[in-house]
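Computed from a predicted structure; not experimentally measured.
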Amino acid sequence: MSIVVFTEKNKAAAQIAGILSEGGFNRASIDGIPVYDFKKNGKEWRIMGLSGHIMGYDFPPEYSNWRECDPAVLLDTDPVKNVLKKPYATAISRLAGQADELILACDFDREGENIGFEAKSIAEKSSRAPVKRARFSSLSASEIKKAFGNLVEPNENLAMSAEARQILDLKMGAAFTRFMTLSVREHARTKGIISIGPCQTPTCGFVYERERLIRDFKAKDFWKIEGIFSHSAKDFKGTHRAGNITEKAKADEIFKRIKDCKKGTVAKKREKESAVNPPYPLNTTEFLKRASKYLGISPETALEVAEQLYLAGFTSYPRTETNKYADDFDFKTILVGFSSGEFREQVMDILSRSQIKSRNGTKDGHDHPPIYPIRAAGRQEIEKSVRMPDAWKVYDLIVRHFIANLMPPAIFDKTRLEVHVRGEIFDATGSILKDAGWLAVYPFENKNDKLLPNLELNDEVDVKKLSNTRSKTSPPKRLTEAELLTLMDKNGIGTKATAPSHIETNKKRGYFETKGKTIAILDTGFTLMESLDSSVPILVKPDIRARIEALIQDVEDGKKSFDSTLEEGSHLIREMYSQLRSGKEQIVTKLAGTITDESIAADKKNFVGECPECGRMLRIVRTDKGRFVGCSGYPSCKNTYPLPKKGALNVLRSKQCEKEGVAVIKVGNKYHWSVGMGPCFTCDSEKKCFPPEVIGTCPKCDGSMFIITTKDTRFLACTERCGYTQSLPKEGRLTVKGKCKHCDWKQIRVKPKEKDANEFCINLRCSSRKSNSG
DNA sequence: GCAAGGTC
């Protein structure tokens with residue numbers, strides 16, 4: 001009797017082989033793919049790990065040329081399923097041919113069931129052996145043994161629900177993406193792709209919605225009355241109970257009443273101890289959020305680093321929903337590893353307790369434990385094994401989080417004072433960290449002490465200053481990547497493993513970019529979302545994903561057939577497609593504009609700046625008749641500016657004309673020209689805008705030596721025109737650097753073509769020249 | 001060349 005088992009990945013195959021064989025298995029390989037075999041109770045077992053999906057959908061080849069088929073045709077075309085990883089298919093066939101029983105043992109979820117069915121469909125071509133399913137929700141010995149002792153039938157509905165998702169996602173993504181891309185190319189020359197998908201588009205939608213709030217925001221004035229109080233030489237601040245006062249008259253009236261007061265009284269005092277609990281164990285989403293927030297690492301990179309740390313055996317499996325530990329989780333073994341290093345004190349404290357208790361969350365994916373360090377390792381060891389820049393930082397975060405989770409809460413002493421000034425109430429709060437608890441190992445959240453002087457009820461305090469200041473309400477802030485991940489998670493956009501890739505897709509397409517930790521939408525993204533929002537609003541919102549999800553849930557539950565669901569889903573997509581098509585012109589002309597403008601902005605040589613008339617892009621236009629600065633909004637915007645007829649043009653990025661000019665251009669090596677103003681040498685501000693580049697003091701008089709560059713030579717001359725000059729190196733690009741260490745001249749840097757740059761002092765009297773005359 | 005989902 002021969003039994004063949006397929007698992008979702010190699011690691012699981014090895015693990016399961018270890019458990020079922022109780023350690024005595026043999027590792028073989030079929031065309032490089034590991035297979036674990038062993039004998040037990042007279043039965044021969046062979047366990048092979050797949051590699052996630054090994055098959056995938058695509059349209060038949062005759063539909064693959066974008067220009068040769070109307071994208072709408074894709075909506076009525078059934079994609080076909082192909083093997084994407086041939087070696088796995090070969091191995092499956094070979095194993096199945098000799099099997100008396102096949103067992104699918106992939107992860108117990110929709111995709112896992114589907115991956116199992118991929119193996120089943122390949123196996124059934126060379127085998128008539130019965131196919132069973134082992135269902136387990138963790139890779140623990142007890143679960144695995146139970147699952148293999150109680151085999152069930154494979155769940156076709158569950159597998160088909162994932163199948164429906166794949167087909168609908170592909171149909172929609174391919175048709176919409178081709179349609180948008182081809183339409184935009186009718187108006188703009190670009191190789192770029194305008195993609196739309198049920199996850200990437202709502203992801204961009206979140207960023208768009210926030211941007212709208214920011215752009216539509218209207219600041220309002222408010223007033224705030226604050227006091228600086230003092231007692232026994234210590235100052236503290238209090239805020240009037242009214243908080244942000246929106247009516248000026250009201251603020252003025254209160255302020256007028258108390259502004260001359262010199263004393264106040266403590267009318268109430270409340271002291272409270274408050275505890276801040278440690279964070280829950282890390283699941284993927286939480287890990288990615290914290291890596292972005294604390295370490296500034298993008299979700300995509302963070303997941304990749306965690307994957308490598310996992311493969312190198314430092315941390316546990318990084319793709320998990322679970323944020324609670326199982327009851328029998330062995331903290332002790334891991335903690336012992338950390339008991340001699342930086343965390344010695346805290347770890348010894350945890351180990352000394354009769355029972356180690358984690359602060360658990362409530363999510364359980366029933367597959368993997370939270371992300372935790374498998375073993376303690378030093379910085380050098382990590383960096384040697386995982387050659388990625390942030391490996392240590394990520395590992396360190398996982399370790400600190402793991403230990404913090406097992407530690408006691410942080411205790412703050414909080415004090416609230418109510419200070420009365422002629423009947424007006426001011427609130428002051430103070431907070432002192434009394435016991436750091438878990439914060440001792442978690443430096444990412446800094447909670448600063450805010451001290452109040454030692455005051456008792458009815459004590460008198462001095463009023464040092466009272467102010468009534470006007471402020472403006474501030475617009476909402478841009479989303480951070482951490483917040484975006486939260487929104488995606490809440491709205492079911494993507495999965496723990498794919499969310500970072502949807503963010504990445506949007507960046508790749510030029511829809512948004514990250515600036516530090518926040519996300520800034522780009523013109524193309526904004527315009528695309530804006531026009532989709534008016535023509536196919538469902539696309540911009542999480543609803544689209546929710547609709548597809550609801551459809552396939554019915555397949556899973558057996559409430560609807562696979563075929564009728566596909567038809568229903570295709571109908572939904574067709575409807576959106578026709579909405580998109582009827583809004584085409586309106587969407588595409590605007591979108592083409594932003595794409596043209598972005599490519600103009602990227603053309604550093606000719607890009608001049610933003611058109612003050614219409615906000616689109618100004619660039620240098622050359623025709624056979626001559627050259628000028630023109631607007632990308634032409635013909636609707638006819639804004640143009642003349643340019644000098646001769647000389648190479650260089651737009652100075654760091655210079656802005658102080659008068660009304662839109663940009664400053666260097667003309668040859670001769671002079672400057674302000675776009676919209678004309679040549680700078682006719683301008684009375686020339687000396688101010690282009691002060692002579694002073695190198696040092698003149699050795700002959702009180703003047704300064706500065707660089708004069710003419711068409712054929714360059715040299716130093718004196719600002720006082722005393723007649724002293726000095727030659728400069730003739731070749732190479734010359735820049736002025738910082739001060740010389742030995743004299744009061746500035747050093748120069750010369751970079752001749754195809755030679756190394758040289759930095760030195762050219763003061764003939766400088767002491768550095770004696771030792772280093774080259 | 002297009003989506004999203006696995007895994008490496």
Legend entry - Residues which pass side-chain contact (heavy atoms from CB on, under 4.5 Å) with E549(A), listed by chain and number, not counting sequence neighbours: R110(A), I552(A), Q553(A)
Contacts table for residues 29-38 of chain A: side-chain donor-acceptor under 3.5 angstrom, sequence neighbours left out:
from: S29(A); atom 1: OG; to: G32(A); atom 2: N; distance (Å): 3.3
from: Y36(A); atom 1: OH; to: N10(A); atom 2: OD1; distance (Å): 2.7
from: D37(A); atom 1: OD1; to: N26(A); atom 2: ND2; distance (Å): 3.2

Inset, instruction - Sequence neighbours left out, what passes ring pair (Phe, Tyr, Trp, His ring centres under 6.0 Å) with H502(A)? Give chain and number order. - result: none
Legend entry - Pairwise salt bridge (Lys or Arg N to Asp or Glu O under 4.0 Å) hits with a residue in residues 5-14 of chain A, at least two apart: K9(A)-D107(A)
Legend entry - Sub-4.0 Å heavy-atom contacts from residues 551-578 of chain A onto DNA chain B, ordered by number: none
Inset, instruction - For K81(A), check salt bridge (charged side-chain N to carboxylate O under 4.0 Å, His left out) against everything at least two apart and list the hits. - result: E163(A)
Inset, instruction - Any chance you could list the contact pattern along nucleotides 2-8 of chain B? Use B for base contacts, S for sugar-phosphate-only contacts and - for none, protein heavy atoms under 4.0 Å, 5' to 3'. - result: BBBBBSB
Legend entry - With F287(A) via ring pair (Phe, Tyr, Trp, His ring centres under 6.0 Å) - residues at least two apart: none
Inset, instruction - Applying side chain to side chain donor-acceptor pair (under 3.5 Å), name anything that partners S195(A), two or more places apart in sequence or on another chain. - result: Q200(A), R509(A)
